[in-house]
Amino acid sequence: MDIFVQQLINGLTLGSIYGLIAIGYTMVFGIIGMVNFAHGDVFMVSAFIALICFLLLTTVLGITSIFLALAIVLVVAMFFTALTNWAIERVAYRPLRGSFRLAPMISAIGMSILLANFVQVSQGPRNKPVPPMIGDVIVLMERDGYQVTLAWKQVIIMVLTAALLGGFWYLVQKTSLGRAQRACEQDRKMAALLGINVDHTISLTFVIGAALAAVAGVMYLMYYGVVNFADGFVPGVKAFTAAVLGGIGSLPGAVLGGLLIGLIETFWSAYFSIEYKDVAAFSILAVTLIFLPQGLLGRPEVEKV
Amino acid sequence: MASSPASGSRLWETDPILTVEHLFMRFGGLVAVNDLSFNVGRGDITALIGPNGAGKTTVFNCITGFYKPSAGRLALAHRRAATPAEIDAATAIGERSLATGDAAVYLLERLPDYRVSGEAKVARTFQNIRLFTGMTVLENLMVAQHNALMRASGYSLRGLFGLPSWGRAARAATEKATFWLDKVGLLERADDPAGDLPYGAQRRLEIARAMCSDPILLCLDEPAAGLNPRESLELNTLLRSIRADHGTSILLIEHDMSVVMEISDHVVVLDYGTKISDGTPEAVKSDPRVIAAYLGVDEDAVEEAGAEIEEIVQTGAAS
């Protein structure tokens, strides 16, 4: 029971991070039908931006309030990551629009390699640590010397994720921008004929996706305390798995998928073997694609006639 | 607002809103539209007719920015007719549009698709309905007002924080959507998914959505297709009211001759991508070329052709 509760907390934390990344995959897929393989690396870049910004703030500017520093880091990382993803879309995907379907996907794989290698060369190949922050924990239960703890970090991650998802849901469902975004998702050509600038809307999708990935990046850095140039790949593919599991193109599906993948991974590590946790997560991808290709909350594919 | 055209006043000659000149559209070796020129009168209901495959929808696609024409000029004149000199001036300076005083000329073939609607104010509907089926009826009409709402929010996130100017614009947008829903009789279904509406209602909703973008030229691709006689009659009333109350010029493709002859002021007939007749419905109806191409040749000729085919088949079998 204690282990179960502890793993539930850990899984939800991890799942929040996956969910935020998964939204970027699912939105881009929804609007241009492309799997943006560089998205995981955009997430990794955001963690590096956060790292650099955090070190600048604490060592150079000498900000001592950790919460103030984190808030600034969050805003800075969101801004620069969004800018990076905007530029990637502009340079690597937009010129290929209207080309054959595989072309932007291959371009995305290229961008993924480029980002990982750029960070490796410019930041070095080793793990980059940040000073540990917010180490306080709340002890929820204690029995036979085993404590079930909820770290403040985890509270921050879950609360921030929930708040962001709320704001994001409002943006997509209630605002004119969100309506234009959904219209482009359904029928880009028709949206253009109603005066919506489709290119701008697609750029906006990349910007929003990157901003959410940046939040995930900051929290990843805060949670694990280290980041490495190769850290984009595995979380990226797991978030992609989450998007597929939830039903690619579905925003609530991405969040649900993220949480499920996070839970599956942590429970697998706790009860079976920690070495095989990635195998478990990725098996989900194969099983979903074979038996439930539209995902949990996805719409069944209807061929446009 | 709109001048009611008395019979005999040929607005497409005296006050054209759209001037199509030497329009060509080629798909590889196929010439879908071949050197087509015609005018659309301001405040007129203009019908573009012709047999299947005559190139009518292709012309629509060129006008609304769906296709880039292979060659030709499509000049849309806001407020008053543009003189040939003004159109030539706009063409010569290489701009997409040219404003002169209160009037403006838009060269549609140069505009990207979203600006044809957003700036030149041309809206269209489709033969196979293209609603956003996953959105509600009301949302479909709100999407069409995206530009107005974005302008009010200063193209920024200000709208999200509910500035008063944006609030007013949002209310105005909802009001306009409500007006059109009421007009097409779909007010009670505002919050239903658009895809759940019956066919005839979807057609009306598509027209309402097009009107929500404040067009000065409304292009309708077979608006009466699949409608029953009563719905068809309602459509006539709706189109007349759009023209009379909102001053919107209408260009429509239609196969239902009762609709065409009943409501149009001006008819342009296409066959194999070229214009074969152009004039008032009465003039077009009695044009022998139209009768031959559109309504088919007379019965004797059909019988003759049948006999000839039989002969060829028999000689073919004998040899």
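So you know, we letter chains A, B, ... as the sequences are listed, proteins then strands, and number each from 1. Excluded from the calculations below are hydrogen atoms, water molecules and symmetry mates; all remaining heavy atoms, backbone and side chain alike, are included.
The neighbour count for B/F60 CZ, taken as heavy atoms of other residues, nucleotides or ligands under 6.0 Å away, is above 12. The neighbour count for B/F27 CZ, taken as heavy atoms of other residues, nucleotides or ligands under 6.0 Å away, is above 12.
With a 4.5 Å cut-off on non-hydrogen atoms, B/V143 touches chain A through its backbone and its side chain both.
Comparing B/M135, B/R115, B/R124 by how many heavy-atom pairs each has under 4.5 Å with chain A, the most go to B/M135. Ranked by heavy-atom pairs under 4.5 Å with chain A, the list B/A123, B/A144, B/G118 is led by B/A144.
B/R130 CZ to A/D187 CG: the interatomic distance, rounded to the nearest 0.5 Å, is 4.0 Å. One finds the CD atom of A/Q186 at 7.5 Å from the CG atom of B/N140 (value rounded to the nearest 0.5 Å). With values rounded to the nearest 0.5 angstrom, B/M142 atom CE is found 13.5 Å from A/L194 atom CG.
When atom types are taken as modelled, the side chain of B/N147 and the backbone of A/G195 share a donor-acceptor pair closer than 3.5 angstrom.
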Practice prompt. Evaluate side-chain contact (heavy atoms from CB on, under 4.5 Å) for B/F66 paired with A/L193, printing each intermediate quantity in order.
Written response: CA-CA 8 Å; B/F66 215 72; A/L193 290 177; 3.5 Å; yes

Worksheet item: B/E139 and A/R179: side-chain contact (heavy atoms from CB on, under 4.5 Å), yes or no, with the steps?
Response: CA-CA 7 Å; B/E139 277 180 327; A/R179 261 198 307 268; 4.1 Å; yes

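No side-chain heavy atom of A/R182 sits less than 4.5 Å from a side-chain heavy atom of B/F132. Using a 4.5 Å heavy-atom threshold, the side chains of A/H200 and B/Y114 count as separate.
Taking every heavy atom of both residues into account, A/A180 and B/H146 meet most closely at CB-CE1, 3.4 Å.
Under the side-chain contact (heavy atoms from CB on, under 4.5 Å) criterion, B/L181 pairs with B/V137, B/L138, B/L141, B/L186, B/L187, B/A190, B/L205, sequence neighbours left out.
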